[in-house]
Amino acid sequence: AAVPIGSVVRLTGGGLYLKDRGDTLPFTSKAYDLEVEVPGPFKTSLALFGNHWAYDIPSASDQNYDVTRYGISVRRRF
């Protein structure tokens, strides 16, 4: 979902949570994203973002992951 804050700031985010309780390969998966975008010079925009992804399979722990990432991106629209 995206929400404008005032006339220049845009907040975008989303999330997902899945849990499979099956007998063969139960797992839990999570994904969350958040981004704040503001206009920059020369038809650019600057975005601060954060992402988090996690996947957990209790019976196959070598395939689990938990990742968090933050960054800044510069975008130009033509």
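Values reported hereafter were calculated over all heavy atoms of this structure, with side chains retained and with hydrogens, waters and symmetry mates removed. For the single chain, residues carry numbers from 1 onward in sequence order.
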Item to check | Asp23, CG: over 12 other non-hydrogen atoms inside 6.0 angstrom | outcome: no
Checklist entry - For Arg69, does its backbone N or O pair with a side-chain atom of His52 as donor and acceptor, under 3.5 Å? => result no
Checklist entry - Rounded to the nearest 0.5 Å, how far apart are OG of Ser73 and CD of Glu35? => result 6.0 Å
Item to check | Whether over 12 other heavy atoms sit under 6.0 Å from Arg76 CZ | outcome: yes
Checklist outcome for this item: By ring-ring contact (aromatic ring centres under 6.0 Å, His included), Tyr55 pairs with (sequence neighbours left out) Phe27, Tyr65
Checklist entry - Around atom CG of Leu18, are there more than 12 heavy atoms of other residues, nucleotides or ligands at under 6.0 Å? => result yes
Item to check | Verdict with supporting geometry, Ser59 and Leu25, side-chain contact (heavy atoms from CB on, under 4.5 Å) | outcome: CA-CA 7 Å; Ser59 62; Leu25 198 59; 3.3 Å; yes
Item to check | Fellow cluster residues of Val38, listed by chain then number, with links counted only when side-chain atoms sit under 4.5 Å apart | outcome: Ile5, Val8, Val9, Leu11, Leu34, Val36, Leu46, Val74
Item to check | Separation of Asp66 CG from Trp53 CH2 (nearest 0.5 Å) | outcome: 11.5 Å
Checklist entry - Transitive ILVMFWY cluster of Tyr17 at side-chain heavy atoms under 4.5 Å: who else is in it? => result Tyr32
Item to check | Residue pair Asn64 / Ile57: nearest heavy atoms and the distance that separates them | outcome: OD1-N, 2.6 Å
Checklist entry - Rounded to the nearest 0.5 Å, how far does NZ of Lys30 lie from CG of Asp56? => result 8.0 Å
Checklist outcome for this item: Note: Pro58 and Pro26 closest approach over all heavy atoms is CD-O, 3.5 Å
